[in-house]
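Since the structure comes first, as structure tokens, the remarks are kept for the end.
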Amino acid sequence: MLSWIIIFSILGSIGAVAGAALFLLFPEGIRKLLVPWLISYATGTLLGAAFLGMIPASLEQAPAITVMATVLAGMVLFFVLEKFVLWRHCHEDQCEAHGRAGPLILIGDAFHNFVDGIVIAAAFLTSIPLGIATALAVIAHEVPQEIGDFSILLDNGYGRTKALILNSLSAAATLPGALAAYFWLGEIHVATPYILALSAASFIYIAVADLIPGLHRQITFAAAMSQLILLLAGIGTIAIFHLGG
């Protein structure tokens, strides 16, 4: 089980940074076209992982009222964290949350990636299919986020190499988070359903508060249909990995 956690933690962090770095090599016009598609797919994977995987797994291990109360409390918590710019998910070159504070971006990313590691470990400790589905959702939403982060760092005067190195270091926080959760949750099994419930809350919050509002800025019928198709594809991917496992 530990090997699964390590492998997918690395894929969820360094893989997302590498994907974002390669994406930035595309012409700007292509990037602007593809980012909404990536975000639509990521939205589907986040919602699918939360509602098809994490919440049902939590309900199997703990009373429904406490699980749902934890999900609700988690969403309030992430709202507060985002207000203090510790937990933000900007996917654009210009973003008020990012401002022009490059170091703040890296600190926020390190914190978020550490939590992602905890999420991945908790999911794998419940089941391998849930772990894979959760890691896939992490990767899907991290790629467009890292694209936005790279763009902001470059705009703040960071060179491409320096931005890549610093983003990779902040992304590496995923593995310590996963290892800490593996050894801690391995000893305290009773906490696992509530960690999953908090993880579901974070996925739902990211999807509905950060990703979906940006998609609504595209108002054409063609854009709406492509977004819906990709969102459903994201949900379908999670269903295949989790429900088929």
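Bear in mind the structure is a predicted one, so any value in this text is a computation, not a measurement.
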message: Rounded to the nearest 0.5 Å, what separates atom CG in Leu52 from atom CD1 in Ile240?
response: 11.5 Å

message: Do Ile128 and Trp4 have side chains that approach each other closer than 4.5 Å (heavy atoms only, starting at C-beta)?
response: yes

query: Leu130 and Ala57: which non-hydrogen atoms are nearest, and at how many Å?
result: CD2-CB, 3.8 Å

task: Just do the side chain to side chain contact (heavy atoms under 4.5 Å, CB included) check on Thr45 and Ile235 with the steps written out, would you?
output: CA-CA 5 Å; Thr45 62; Ile235 295 174; over 6 Å; no

- prompt: Hydrophobic clusters join Ile, Leu, Val, Met, Phe, Trp and Tyr when side-chain heavy atoms are under 4.5 Å apart, directly or via other members; which others share one with Met225?
  reply: Phe221

- prompt: What are the two closest non-hydrogen atoms of Ala178 and Ser9, and how far apart are they?
  reply: CB-OG, 3.1 Å

- request: Check step by step if side chain to side chain contact (heavy atoms under 4.5 Å, CB included) holds for Thr237 and Tyr41.
  value: CA-CA 9 Å; Thr237 302; Tyr41 181 79; 3.0 Å; yes

task: Work out which heavy atom in Ala135 is nearest to a heavy atom in Ile120; give both atom names and the distance.
output: CA-CG1, 4.3 Å

- prompt: Leu125 and Ala181: which non-hydrogen atoms are nearest, and at how many Å?
  reply: CD1-O, 4.1 Å

message: Quick check against the 3.5 Å criterion: does Ser58 have a side-chain atom that pairs as donor or acceptor with the backbone of Pro193?
response: yes

field: Cluster link Val76 to Phe79, ILVMFWY, side chain under 4.5 Å
entry: no

message: For the backbone of Leu211 and the side chain of Thr43, can you confirm whether one donor and one acceptor N or O come within less than 3.5 Å of each other?
response: no

Donor-acceptor contact below 3.5 Å, side chain Thr126 vs main chain Ala122: yes

- request: Kindly compute the distance separating CG (Leu46) from OG (Ser199), expressed to the nearest 0.5 Å.
  value: 11.5 Å

Flag, side chain of Asn113 to backbone of Ala173, donor-acceptor distance under 3.5 Å: no

Closest non-hydrogen atom pair between Pro56 and Ala50, with its separation: CD-O, 4.0 Å

message: Nearest 0.5 Å, please: how far is CG in Leu34 from CH2 in Trp37?
response: 6.0 Å

query: Can you tell if the side chain of Phe203 reaches within under 4.5 Å of the side chain of Val119, non-hydrogen atoms only?
result: yes

message: Holding to side-chain hydrogen bond (donor to acceptor under 3.5 Å, both in side chains), I want the full list of residues that pass it with Thr66, two or more places apart in sequence or in another chain.
response: Tyr194

- request: Identify whether Leu72 and Val80 are in the same connected component of the hydrophobic contact network (ILVMFWY, side-chain heavy atoms under 4.5 Å).
  value: no

field: is_close_aromatic(Phe8, Phe124), centroid dist under 6.0 Å
entry: yes

- prompt: Quick one: do Val208 and Leu198 end up in the same hydrophobic cluster if we chain Ile, Leu, Val, Met, Phe, Trp and Tyr together by side-chain heavy atoms under 4.5 Å apart?
  reply: no

field: From CG (Leu196) to CD (Glu60), nearest 0.5 Å
entry: 10.5 Å

message: Hydrophobic cluster membership, with links at side-chain heavy-atom distances under 4.5 Å among I/L/V/M/F/W/Y: are Ile229 and Val35 in one?
response: no

message: Are the side chains of Val71 and Met54 in contact, using a 4.5 Å heavy-atom criterion?
response: no

task: Measure the shortest side-chain to side-chain distance between Phe51 and Ile204 over non-hydrogen atoms and say whether it is less than 4.5 angstrom.
output: yes

message: To the closest 0.5 Å, what do you measure between CD1 (Ile238) and OG1 (Thr134)?
response: 7.0 Å

Pair Tyr205-Asp210, side chain to side chain contact (heavy atoms under 4.5 Å, CB included): steps then yes or no: CA-CA 7 Å; Tyr205 184 86; Asp210 293 313; 4.1 Å; yes

task: Go through Phe78 and Ile206 one step at a time and tell me if the side chain to side chain contact (heavy atoms under 4.5 Å, CB included) criterion holds.
output: CA-CA 9 Å; Phe78 297 125; Ile206 292 168; over 6 Å; no

- request: Calculate, to the nearest 0.5 Å, the distance between atoms CZ and CG belonging to Phe183 and Leu2 respectively.
  value: 5.5 Å

Any residue meeting side chain to side chain contact (heavy atoms under 4.5 Å, CB included) with Gln218, in chain and number order, not counting sequence neighbours: Pro36, Ala223, Gln227

